[in-house]
Amino acid sequence: AFLAFARRQVNVAVIEVGMGGRLDATNIVRPQVCAVTHVGYDHQEHLGDTLAAIAGEKAGIIKAGTPVVLGPMAEEARTAILQRAKQMNAPVWKPGAELRREHRRDGWALVSPDGSVSGVRLAMPGDHQGANATVALGVLHQLRRQGFLISDEAIKTGLQRAFMPGRIETLCTGLVADGSHNQASVEMLARWLSKQPRPGNRILVWGMGTKDSMVWPREGEQWGAVSADYPHTLAPLPMNATKWYTDDTFGLRTADAAGKNAFETFDGENQASKDGGRPDVTGPETATGAFKTKLSASGLIYKHYGREI
């Protein structure tokens, strides 16, 4: 990535940490501004078992005097980051203090100490994207303090056009993909789903490996679960599902929730409509991408919805 950025001679390179921060390979850079959007439980075997420990690892990206922009997070995580920032004499903008946001009829209103933008209609759904957009605004305003010429109109346009595949992405009517991969991101997805219309049972296509961040169903809900590639991913799902779906090169097979080995043919073309189901795909981006590729290759999206992705 560094080589690609250098060859293109970019004005600004946005470098995302792979894991943690302190010991990550990306931590060789000297940043103009640092951002930590959220701290949740992830990679505990490497980063620690508490939010404070994980936040301490993430705070390792903070360099002396470099401004820091924070998103919403638990108090113990924020405390750890603020401690590192104090040690490095790094100024910090925090949500609820220097940074504020409000969701209005015409979109998001986002505020930093250096100004505001309003009427921002984000391309990516979910209330958490408002928090992410506020962090982005803070970063851009910090860059303006350093001499970068970034207009309010450019900021608003950029926020409204920003899009990442696999972030509550509607592939077509009734089919949503999301790259949730830890408890915090799964909870954000669950909150968004709870506000959506319920045409029938939801079918969850899960590609989470052995992760244990499942938070469904809400009380009284029935779910079907699908593992995009690995049958063993069904094991940690604490769900009151009436059916489990596992993948057999997308000729999906079903087993009952008790885990019996009696499989029957899954008719991918008719089952969703037969169960009144709305499919939702979640898991790491690789699993979500693989599922999208399978759907496109199989023609299921064309068969179900009359158009391809």
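No donor-acceptor pair under 3.5 Å is formed between the side chain of S116 and the backbone N or O of S112. A donor-acceptor contact shorter than 3.5 Å is absent between the side chain of Q83 and the backbone of A80.
Residues satisfying the side-chain hydrogen bond (donor to acceptor under 3.5 Å, both in side chains) criterion with R191, sequence neighbours excluded, are absent altogether. Residues that satisfy the side-chain hydrogen bond (donor to acceptor under 3.5 Å, both in side chains) test with T37, not counting sequence neighbours, are absent from this structure. Scored by the side-chain hydrogen bond (donor to acceptor under 3.5 Å, both in side chains) test, K86 finds no partners at all (sequence neighbours excluded). A search for side-chain hydrogen bond (donor to acceptor under 3.5 Å, both in side chains) contacts involving R22 returns E57, not counting sequence neighbours.
Linking ILVMFWY side-chain heavy atoms closer than 4.5 Å, directly or via other members, places I62 and L47 in a single hydrophobic cluster. No continuous path of hydrophobic side-chain contacts links V17 to F2 [ILVMFWY only; heavy atoms under 4.5 Å]. A continuous path of hydrophobic side-chain contacts links I15 to V10 [ILVMFWY only; heavy atoms under 4.5 Å].
Judged by distance alone, the side chains of T26 and D24 do bring a donor and an acceptor atom under 3.5 Å apart.
Residue pairs meeting the salt bridge (charged side-chain N to carboxylate O under 4.0 Å, His left out) criterion with at least one partner in residues 147-165, sequence neighbours excluded, are R144-D152.
Expressed to the nearest 0.5 Å, how far CG of D114 lies from CD of E98 amounts to 11.0 Å. Here the SG-CZ distance, from C34 to R84, works out to 9.0 Å after rounding to the nearest 0.5 Å. To the nearest 0.5 angstrom, M188 atom CE is 11.0 Å from R167 atom CZ. Note that CE of M73 and OG1 of T79 are 10.5 Å apart. Values are rounded to the nearest 0.5 Å. Between atom OG1 of residue T66 and atom CD of residue Q142 there is a gap of 10.0 Å, rounded to the nearest 0.5 Å. Atom NZ of K94 and atom CD1 of I81 lie 11.5 Å apart (nearest 0.5 Å).
Minimum interatomic distance between H43 and M19 (heavy atoms only, all atoms of both residues): CG-SD, 3.5 Å. Residues A55 and A77 come closest through the heavy atom pair CB-O, 3.4 Å. For the pair A162 and A123, the tightest heavy-atom approach, listed with the atom from each and the gap, is O-CB, 3.5 Å. The minimum heavy-atom distance between P72 and P95, with the atom names listed, is N-CG, 3.7 Å. A pairwise comparison of heavy atoms in M124 and M164 identifies SD-N, 3.5 Å as the closest pair.
Each of V176, D127, D178 was checked for a side-chain contact (heavy atoms from CB on, under 4.5 Å) with W192, and the lone residue meeting it is V176.
No more than 12 heavy atoms of other residues, nucleotides or ligands sit less than 6.0 Å from atom CD of E16. Within a 6.0 Å radius of CG in D106, more than 12 heavy atoms belonging to other residues, nucleotides or ligands are found. No more than 12 heavy atoms of other residues, nucleotides or ligands shown are found within 6.0 angstrom of CD on Q9.
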* **Working for side-chain contact (heavy atoms from CB on, under 4.5 Å), residues H128 and I168** => CA-CA 11 Å; H128 58 287; I168 310 186; 3.8 Å; yes
* Derivation of the side-chain contact (heavy atoms from CB on, under 4.5 Å) call for L70 and V92 -> CA-CA 7 Å; L70 299 183; V92 183; 3.8 Å; yes
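Side-chain contact between V68 and M88 is absent, with no heavy-atom pair separated by less than 4.5 Å. Counting heavy atoms from C-beta outward, D49 and Y41 have side chains that stay 4.5 Å or more apart. The side-chain heavy atoms of K63 and N27, taken from C-beta on, include a pair separated by under 4.5 Å.
Hydrophobic clustering, defined by side-chain heavy atoms of Ile, Leu, Val, Met, Phe, Trp and Tyr closer than 4.5 Å, groups V135 together with V12, V33, V69, W93, L99, W108, L110, V117, V120, L122, L137, V139, L140, L143, F148, I150, I155, L159.
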